[in-house]
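What follows is a set of notes on a single structure, which appears directly below.
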Amino acid sequence: MDNSSQIMEHILTKNIPSPSPITYSFLAPNARGVADATAILQRHQGAYVNQNDTSKGGDGKPMMELAVFAAATESFSQKNLNCDIATSLERFKDVIQGAKQAGIRARAYISVVLGCPFEGYNVNPHKVAEIATSLLEMGADEISLGDTTGMGTALRTQELLRCMTAAGIQNEDIAMHFHDTYGQALVNTAVSLERGIRTFDSSVGGLGGCPYSPGATGNVSTENMVYFLESLGMNTGIDLDAMADIGQWITGELEKPNDSVVGKAVLGARKAAANTST
Ligand SMILES: CC(C)(COP(=O)([O-])OP(=O)([O-])OC[C@H]1O[C@@H](n2cnc3c(N)ncnc32)[C@H](O)[C@@H]1OP(=O)([O-])[O-])[C@@H](O)C(=O)NCCC(=O)NCCSC(=O)C[C@@](C)(O)CC(=O)[O-]
């Protein structure tokens, strides 16, 4: 979060073209975050698609969103936000309203929904649904259910989504955010697909991981996710070959391992084919 403002300023100054609509997400857990973001947005009116401006297309301009991140357990809320859940939700009200007033989306993550590094596996799915309902009532456009520790399993993912449905939360308002620490991300994705979820978070090269969740690995890699969804006959619109190149490039730049098995397989197959053709 420390240099979020510089990154946002760079994006809106450079007018980086994107062939398909892209949304940049700005973590803002409090009033300071909203103030920083809205000051930059004020300076760059017209450089991004305003959610209220439905008159014309984005003509390549990016969309911006503010992201709040609640926790499903008190322990993780203290570690990740330095406050209890109720206080964090109070703070998020202003952030979400600030985003709406600035004409941008508000995304709300809920962390450790399927397992907490401090409270273990028994995260109450009804509590998650209650927090999600509060965030949606504040005006959040979307809830991203974060399996931050990767402790999620098929059965507990199913139970969580059953509770979300029972609480009256629409599938269209839910994204699933799986980390692959125990290799269950795509299994949990399959269960979520079965229950009608169609928005999934991932990270190229499997980058990421929450600093406040000891041992957590990155998100399920975009390359693995794309390969899996396309194997089911779904069209993601993503060029897997190009995504594998990006994963190799950015993990190299960040001096991190490329954690995508599919990305490495795609690159390996391409190399083998090149060798046989020479
Ligand atoms: C929320 C606080 C700041 C409360 O921390 P605090 O100590 O209660 O608040 P504070 O107001 O005393 O601020 C402490 C320091 O943070 C700075 N600060 C204060 N607010 C901001 C801000 N908006 N943007 C940038 N800097 C900020 C502030 O300036 C100060 O800096 P210092 O004076 O010590 O140099 C702290 O707990 C914190 O930084 N939490 C975030 C930790 C973090 O980055 N976690 C990972 C986010 S991603 C995630 O959670 C998971 C997710 C979303 O990916 C999904 C999933 O997998 O679960």
Side-chain angles (χ1 to χ4, degrees), residues 1-9 23-41 64-96 98-99 102 105-119 123 125 127-128 131-132 135 140-152 157 160 174-182 184-185 188-189 192 199-204 206-222 225 259:
M1 256 176 17
D2 203 15
N3 55 3
S4 304
S5 296
Q6 291 97 305
I7 295 170
M8 191 184 213
E9 190 81 47
T23 300
Y24 290 100
S25 204
F26 184 96
L27 289 181
N30 52 22
R32 151 85 187 268
V34 186
D36 288 353
T38 44
I40 298 166
L41 293 171
M64 307 301 286
E65 74 179 15
L66 289 193
V68 296
F69 41 101
T73 65
E74 290 296 353
S75 312
F76 195 78
S77 190
Q78 289 296 344
K79 290 282 186 188
N80 203 29
L81 291 163
N82 200 25
C83 68
D84 62 22
I85 294 173
T87 305
S88 72
L89 293 176
E90 271 310 302
R91 290 179 186 165
F92 295 159
K93 267 189 200 142
D94 296 339
V95 177
I96 292 171
R105 268 170 56 94
R107 189 182 224 218
Y109 293 88
I110 304 175
S111 295
V112 300
V113 294
L114 289 168
C116 171
F118 311 106
E119 298 187 18
V123 177
K127 176 74 177 167
V128 176
I131 295 169
L135 290 162
D141 293 286
E142 184 173 64
I143 301 291
S144 177
L145 295 176
D147 179 19
T148 317
T149 57
M151 293 160 71
T157 300
L160 172 61
I174 297 172
M176 299 307 284
H177 180 101
F178 291 120
H179 288 249
D180 207 21
T181 316
Y182 292 86
Q184 300 303 300
N188 299 334
T189 300
S192 306
T199 305
F200 296 93
D201 297 350
S202 63
S203 64
V204 71
L207 289 170
C210 180
Y212 297 84
S213 174
T217 58
N219 285 88
V220 58
S221 76
T222 305
M225 180 64 79
D259 278 343

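Treat the numbers as computed from the prediction; the structure is a model and nothing was measured. Heads up: numbering here begins at 1 and tracks the sequence. Whatever order the structure lists ligands and atoms in, that order sets their numbers, starting from 1.
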Could you check whether atom 4 (C) of ligand 1 has a protein contact, counting only heavy atoms that fall below 4.0 angstrom?
yes

Got the closest protein heavy atom to atom 2 (C) of ligand 1, with its distance?
L81 O, 4.4 Å

Could you check atom 39 (O) of ligand 1 against the protein and tell me its nearest heavy-atom contact, residue, atom and distance included?
M1 CE, 3.5 Å

Would you please say whether a donor-acceptor pair under 3.5 Å links the side chains of H177 and D147?
no

Have a look at V68, D201, N80 and point out the one with the heavy atom closest to atom 45 (N) of ligand 1.
N80

Mark yes when over 12 heavy atoms from residues, nucleotides or ligands other than F118 sit less than 6.0 Å from its CZ; otherwise mark no.
yes

Atom 26 (N) of ligand 1 protein-contacted (non-hydrogen atom, under 4.0 angstrom):
yes

For the residue pair S75 / E119, report whether a side-chain donor-acceptor contact shorter than 3.5 Å exists.
yes

Under 4.0 Å from any heavy atom of P29, which atoms of ligand 1 are there?
1 (C), 23 (N)

Please indicate, with yes or no, if any protein heavy atom is found under 4.0 Å from atom 12 (O) of ligand 1?
no

Among all the protein's non-hydrogen atoms, which is closest to atom 28 (C) of ligand 1, and how far away is it?
R32 NH1, 3.7 Å

Is atom 34 (O) of ligand 1 close to the protein, meaning a heavy atom under 4.0 Å from it?
no

Classify the angle between the aromatic ring planes of F92 and F69 as parallel (below 30°), tilted (30 to 60°) or perpendicular (above 60°).
tilted

Side chain, backbone, both or neither: which applies to S111 and ligand 1 if a contact is any heavy-atom pair less than 4.0 Å apart?
both

